[in-house]
2 protein chains.
Amino acid sequence: MAETTLSEVPEEDFLRLDQQICFALHAASRAFNGVYRGALKELGLTYPQYLVMLVLWEHGELPVKRIGEHLRLDSGTLSPLLKRLESAGYVERRRSTEDERSVTARPTAAGAALRERARAVPRGIAAATGLPLDRVRALREELHALTRALDDAHPPPLPPPA
Amino acid sequence: MAETTLSEVPEEDFLRLDQQICFALHAASRAFNGVYRGALKELGLTYPQYLVMLVLWEHGELPVKRIGEHLRLDSGTLSPLLKRLESAGYVERRRSTEDERSVTARPTAAGAALRERARAVPRGIAAATGLPLDRVRALREELHALTRALDDAHPPPLPPPA
DNA sequence: CACAATTGAGTTGCACACAACTTAATGGCG
DNA sequence: CGCCATTAAGTTGTGTGCAACTCAATTGTG
């Protein structure tokens, strides 16, 4: 049972195994998304919008570029998303004075207030996973390593944040 | 260091931990998607289209409903996706004669031939993960359990396949 | 047998992701 | 200084994912 290397797996099983692992990650991500969707509905946030707010709550004002580095997202995704967060009244955007190319985003008063209401979210999610926190942490580390390896094999447009 | 229960984590760290774990899964899924995108480009398939073809290669002709159960996807996603696979010449769709509500899909000759070209894909992906197959299998199991737990806490429209 | 509830596909609308492109500003570099 | 490569946002187009809906076929029930 110690078949650890790729060459020891019979060719016939490979497509099936591939289906299992790539599907598993895909499905888990969407299942997570679904649980967050329910938890975030009353806050008026989508899951990616919540990720952006988490970054802004932690760091305050940030250029779009920096947000993208934290979340591994590019301007093609962030620009319309931030526009929606702005029209929802949760963030303000402002073109930087030092560098006119850069646009920074920061939580408004309503956005900051939203943080208090959001405090209830993570506990509910953690409970829904049914996993002890140690396992959650371990899983997080494993997924980080996996993401790093995959991005390394297929470098994304965004270099990982320094 | 044996803080396993939720109640032992300070409230202040919760939003940050939440960001880390939910982001980790989200990012890993997208990183995987990116690697597949590169590997599948020459086959003319997207990642979800590849998942559908894997199911059809394994099971032959299947109703849309069954495909959805295997992949945890509903008709809102599968209908247009199958239409694209059909216009690409990889699958045929046919309304069932026994139950006129049901539509089945199966690989065409070109779709079946594609399977041979697809054999090269999984090895490349497995190599890109940088993980030994044992770890991949363990991760798969963990993600399956996680998906089940999350779907249980927030039942999706699709019941898990029997 | 009639008829309401259910089921399977499909459609519509919205919000990501991401490639490819455009535009404007900045930073070298001769 | 002048000019070009680089950089940051934003835009466009395509393909999911999913909620909410429509429509037709089927099933269950009195």
Original post:
Within this structure, what is the CG-to-C1' distance between A/L81 and D/dA9, rounded to whole angstrom?
Top reply: 14 Å
**OP:** Starting from P on C/dC16, measure out to CZ on A/R37 and report it in whole angstrom.
**Re:** 10 Å
Original post:
Sequence neighbours excluded, which residues qualify as side-chain contact (heavy atoms from CB on, under 4.5 Å) partners of B/R95?
Top reply: B/E100, B/V103
Under 3.5 Å, which donor-acceptor pairs do the side chains of residues 81-91 of chain B form with other protein atoms, sequence neighbours left out?
residue	atom	partner	partner atom	Å
B/E86	OE1	B/R93	NE	3.3
B/E86	OE1	B/R93	NH2	3.3
B/E86	OE2	B/R93	N	3.2
B/S87	OG	B/K83	O	3.4
B/S87	OG	B/R84	O	3.1
B/Y90	OH	B/L43	O	3.2

Original post:
In chain order, what residues pass the side-chain contact (heavy atoms from CB on, under 4.5 Å) check against B/S79, with sequence neighbours excluded?
Top reply: B/S75
**OP:** Whole angstrom is fine here: how far is it from CD1 in B/I67 over to C1' in D/dG17?
**Re:** 16 Å
Subject >> A/L71 CG - C/dA15 P separation (whole Å) >> reply: 19 Å
Subject >> Distance in angstrom units between B/D74 CG and D/dC21 C1', rounded >> reply: 12 Å
Original post:
What residues, two or more places apart in sequence or in another chain, satisfy salt bridge (charged side-chain N to carboxylate O under 4.0 Å, His left out) together with B/E141?
Top reply: none
**OP:** Round to the nearest Å and state the distance from A/D151 atom CG to C/dC18 atom C1'.
**Re:** 13 Å
**OP:** Ignoring backbone atoms, test whether A/R84 places a side-chain nitrogen or oxygen under 4.0 Å from the OP1 or OP2 oxygen of C/dC16.
**Re:** yes
**OP:** Taking all non-hydrogen atoms of both residues into account, name the closest pair between B/P107 and B/G111 and its distance.
**Re:** CB-C, 4.2 Å
Original post:
B/R30 has an atom CZ; how far is it from atom P of C/dC18, in whole Å?
Top reply: 5 Å
Original post:
For B/H59, which residues count as a ring-ring contact (aromatic ring centres under 6.0 Å, His included) partner, sequence neighbours excluded?
Top reply: B/H70
**OP:** Could you encode protein contacts along nucleotides 3-10 of chain C as a string, one character per nucleotide from 5' to 3', using B for base contact, S for sugar-phosphate-only contact and - for no contact, with a heavy-atom cut-off of under 4.0 Å?
**Re:** ----BSBB
Original post:
B/L40 CG to C/dC18 P: how many Å, rounded?
Top reply: 15 Å
Subject >> Residues which pass side-chain hydrogen bond (donor to acceptor under 3.5 Å, both in side chains) with B/Y47, listed by chain and number, not counting sequence neighbours >> reply: none
Under 3.5 Å, which donor-acceptor pairs link side chains of residues 22-32 of chain A to any protein atom two or more places apart or in another chain?
residue	atom	partner	partner atom	Å
A/R30	NH1	B/R72	O	2.8
A/R30	NH2	B/L71	O	2.9

Subject >> OP1 or OP2 of C/dC16 under 4.0 Å from side-chain N/O of B/H26 >> reply: no
Original post:
Listed in order of residue number, which residues of residues 43-54 of chain A have a non-hydrogen atom at under 4.0 Å from DNA chain D?
Top reply: none
Original post:
Quick one: salt bridge (Lys or Arg N to Asp or Glu O under 4.0 Å) pairs with a partner in residues 49-61 of chain B, sequence neighbours left out?
Top reply: A/R16-B/E58, B/E61-B/R94
Subject >> Which residues share a side-chain hydrogen bond (donor to acceptor under 3.5 Å, both in side chains) with A/E116, sequence neighbours left out >> reply: A/R119
Subject >> Short side-chain to backbone donor-acceptor contact, B/Q49 and B/T46, under 3.5 Å >> reply: yes
Original post:
Axis-to-axis angle across the helix from C/dC1-D/dG30 to C/dG30-D/dC1, five pairs an end, to 10 degrees?
Top reply: 10°
